[in-house]
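Scroll down for the structure; my scribbles are underneath it.
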Amino acid sequence: MDIRIMSKYMKVHTKIGCFVLLLSLVSCIKENLGICPGSLDVVYDWTQTTPLADTDSLMIIGKDGKSHIISTSKEGAPLDLPSGEYRLVAYEGNPYVNIENDVLTAQTTNEGQLGQLTPFRAGTNTLTLAPSDQTLNKKVEITMWQQTRLFVVKVHFQGAGLKFLQGVSGQLDGIAIARLIEHGFPPADAKPRHAAIKTGLADLVFEKQTTPPAKSMNNAVVEQQDFSAEKRLLGLDGNTDQKLKLTLNLDNTTQELEINLMDKSKSKALSDQNKYNVLGFHVDDVLNPFLIEITIRLGQDFTADIVDWTAGPDSELDAH
């Protein structure tokens with residue numbers, strides 16, 4: 001074959017080969033990142049919590065805002081990405097939460113109140129890949145954080161009006177309906193309060209507990225009836241106070257009480273506040289439920305007075 005013809009033949013096939021290779025890489029990036037050979041190792045860091053599932057989802061968000069989602073193991077996944085800036089979001093599946101980019105939004109009821117939530121973990125990190133990174137085995141870690149926490153309210157009723165008590169209901173406001181993933185439990189920056197993206201209310205359904213034995217105080221027998229409610233929360237809004245409203249059903253009448261859960265001991269040092277109000281909800285012993293414990297005295301004349309209340313992880317409070 002003529003050398004000039006052979007040279008042209010080789011050039012044409014070289015161009016075709018490069019074009020096919022480019023198409024295969026683009027297809028790998030846009031359509032099926034999960035099977036890419038991987039010059040990048042994405043590793044999940046579970047030191048802050050424990051996984052609840054064997055598989056996770058990984059969302060890769062480009063600088064243009066477009067995203068791709070792949071399924072990974074709980075350890076992570078290899079990826080092959082072109083140079084650029086990315087946001088990586090890893091999360092366990094949860095039917096009650098919508099995840100868009102790095103924002104979590106909980107489902108709400110028809111009345112706009114927080115719906116059901118179940119535990120799940122998620123984490124996020126940013127990534128910049130330079131052209132020189134393509135030939136390296138670069139590693140990026142995503143710290144996984146707990147994304148919900150159980151909020152428990154226990155109410156102890158005492159006093160001469162205890163015989164009138166029929167039941168109790170409650171509502172908590174100032175809670176997060178939508179927030180950033182990095183503001184979980186604890187937040188990535190360890191700060192106790194962050195603004196929610198959307199706030200709302202949560203209904204509390206109280207159940208009557210087994211009647212505790214009567215207590216002897218100052219040689220007097222004190223009868224007591226306990227009620228308890230719990231609600232799993234996505235978080236609290238750091239831009240507003242959290243208020244707990246209680247409605248007491250007393251025979252043919254009702255009494256309403258309200259507690260500002262950020263009020264108590266506001267003048268105390270920051271390190272002390274966690275044990276007296278909800279400031280520690282996102283940062284204090286987050287692997288345990290957070291407990292609000294209230295004592296209410298009921299009068300013979302249908303009055304209701306808050307004797308005392310405290311707040312903190314149930315592992316640190318006396319009553320469980």
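Positions are given from 1 along the sequence. This is a predicted model, so every value here is computed, not measured.
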With a 4.5 Å heavy-atom cut-off, do V155 and I296 have their side chains touching?
yes
To check you understand the geometry: which heavy-atom pair defines the closest contact between K231 and A202, and what is its length?
CG-CB, 4.2 Å
Between V152 and S228, which heavy-atom pair has the shortest distance, and what is it?
CG1-OG, 4.2 Å
Using a 6.0 Å cut-off, check whether atom CG of D301 has over 12 heavy atoms from anything other than its own residue.
yes
So, D226 versus Q224: side-chain donor-acceptor pair below 3.5 Å or not?
yes
In short, G123 meets I142 closest at the heavy-atom pair C-CG2, 3.4 Å
Which value, rounded to the nearest 0.5 Å, describes the distance between E141 atom CD and T47 atom OG1?
8.5 Å
Between R179 and V103, is there a side-chain heavy-atom distance shorter than 4.5 Å?
no
Might you point out which heavy atoms bring V168 and F206 nearest each other, and give the distance in Å?
O-CB, 3.4 Å
Does A160 offer a backbone N or O that forms a donor-acceptor pair with the side chain of R297 under 3.5 Å?
no
Would you say D189 and H194 are linked by a side-chain donor-acceptor pair, where the criterion is simply a distance under 3.5 Å?
yes
Side-chain atoms of residues 59-66: list all donor-acceptor pairs with protein atoms under 3.5 Å, sequence neighbours left out, distances to 0.1 Å.
| unit_1 | atom_1 | unit_2 | atom_2 | d |
| --- | --- | --- | --- | --- |
| D64 | OD1 | K66 | N | 3.0 |

Kindly assign one of parallel, tilted or perpendicular to the pair F151 and F290, based on the angle between their ring planes and the thresholds 30° and 60°.
parallel
Do V43 and V89 belong together in a cluster built from hydrophobic side chains that touch within less than 4.5 Å?
no
Please evaluate residues V97 and L117 with respect to the criterion side-chain contact (heavy atoms from CB on, under 4.5 Å), reporting the C-alpha separation (whole Å), side-chain torsions for both, the decisive distance (0.1 Å), and the verdict.
CA-CA 8 Å; V97 175; L117 280 175; 3.5 Å; yes
Heavy-atom distance under 4.5 Å between the side chains of L246 and E256, does that happen here?
no
Aromatic ring pairing H282/F185, orientation class (parallel under 30°, perpendicular over 60°, tilted between):
parallel
Audit row: D203, L114, side-chain contact (heavy atoms from CB on, under 4.5 Å) steps and yes/no:
CA-CA 8 Å; D203 275 339; L114 179 68; over 6 Å; no
Is there a donor-acceptor pair under 3.5 Å between the side chain of E293 and the backbone N or O of V153?
no
Can a side-chain donor-acceptor contact be found between N94 and T118 if the only test is distance below 3.5 angstrom?
yes
Does the N98 side chain pair with the main chain of T105, one donor and one acceptor, at a distance under 3.5 Å?
no
Flag yes if more than 12 heavy atoms outside E258 fall under 6.0 Å of its CD atom; otherwise flag no.
yes
Is there a side-chain contact between L298 and T303 (heavy atoms, below 4.5 Å)?
no
Short side-chain to backbone donor-acceptor contact, Q242 and T240, under 3.5 Å:
yes
Treating Ile, Leu, Val, Met, Phe, Trp and Tyr as nodes and any side-chain heavy-atom pair under 4.5 angstrom as an edge, say whether W309 and L257 lie in one connected cluster.
yes
Under a 3.5 Å cutoff, is there a donor and acceptor pairing between the side chains of D251 and Q166?
yes
Spacing of CG belonging to L250 relative to CZ belonging to F164, to within rounding of 0.5 Å:
8.5 Å
Among the clusters formed by ILVMFWY side chains lying less than 4.5 Å apart, do L162 and I294 turn up in the same one?
yes
May I have the step-by-step check of side-chain contact (heavy atoms from CB on, under 4.5 Å) for L234 and L104, ending in yes or no?
CA-CA 8 Å; L234 196 63; L104 306 174; 4.2 Å; yes
Distance check, rounded to the nearest 0.5 Å: N125 atom CG versus D102 atom CG?
11.5 Å
With a 4.5 Å cut-off on side-chain heavy atoms, are W46 and T49 touching?
yes
Test your reading of the model: is there a side-chain donor-acceptor pair from Q146 to the backbone of T50, 3.5 Å cut-off?
no
Checking side-chain contact (heavy atoms from CB on, under 4.5 Å) for the pair T148/L233: CA distance, chi angles, key distance, verdict?
CA-CA 5 Å; T148 65; L233 303 181; over 6 Å; no
Are I177 and L201 connected in the hydrophobic side-chain network, where two residues link if heavy atoms are under 4.5 Å apart?
no
Are R87 and E182 close enough for a salt bridge, meaning some N to O gap below 4.0 Å?
yes
Counting C-beta onward and ignoring hydrogens, is there a side-chain heavy-atom pair between V140 and L88 closer than 4.5 Å?
yes
Between CG on residue L40 and CG on residue D80, distance to nearest 0.5 Å:
8.5 Å
Spell out, as yes or no, whether a donor-acceptor pair under 3.5 Å connects the side chain of Q255 to the backbone of T253.
no
Rounded to the nearest 0.5 Å, what separates atom NZ in K138 from atom CG in L79?
13.0 Å
Taking a hydrophobic cluster as the set of Ile, Leu, Val, Met, Phe, Trp and Tyr residues connected by side-chain heavy atoms closer than 4.5 Å, whether directly or through intermediates, do W145 and V286 fall within one such cluster?
no
What are the two closest heavy atoms between A195 and N239, and how far apart are they?
CB-ND2, 3.3 Å
D314 side chain vs N288 backbone, donor-acceptor pair below 3.5 Å:
no
Looking just at side-chain N and O atoms, do Y44 and T72 make a donor-acceptor pair shorter than 3.5 Å?
yes
L81 CG to L129 CG distance, which is reported to the nearest 0.5 Å
6.0 Å
Does a side-chain heavy-atom distance below 4.5 Å link Q147 with I181?
yes
Which heavy-atom pair separates P192 from V283 by the least distance, and what is that distance?
CA-CG1, 3.7 Å
Evaluation steps, ring-ring contact (aromatic ring centres under 6.0 Å, His included), between F120 and Y91:
CA-CA 8 Å; F120 72 103; Y91 56 92; 8.4 Å; no
M262 vs L279 side-chain heavy atoms within contact, under 4.5 Å
yes
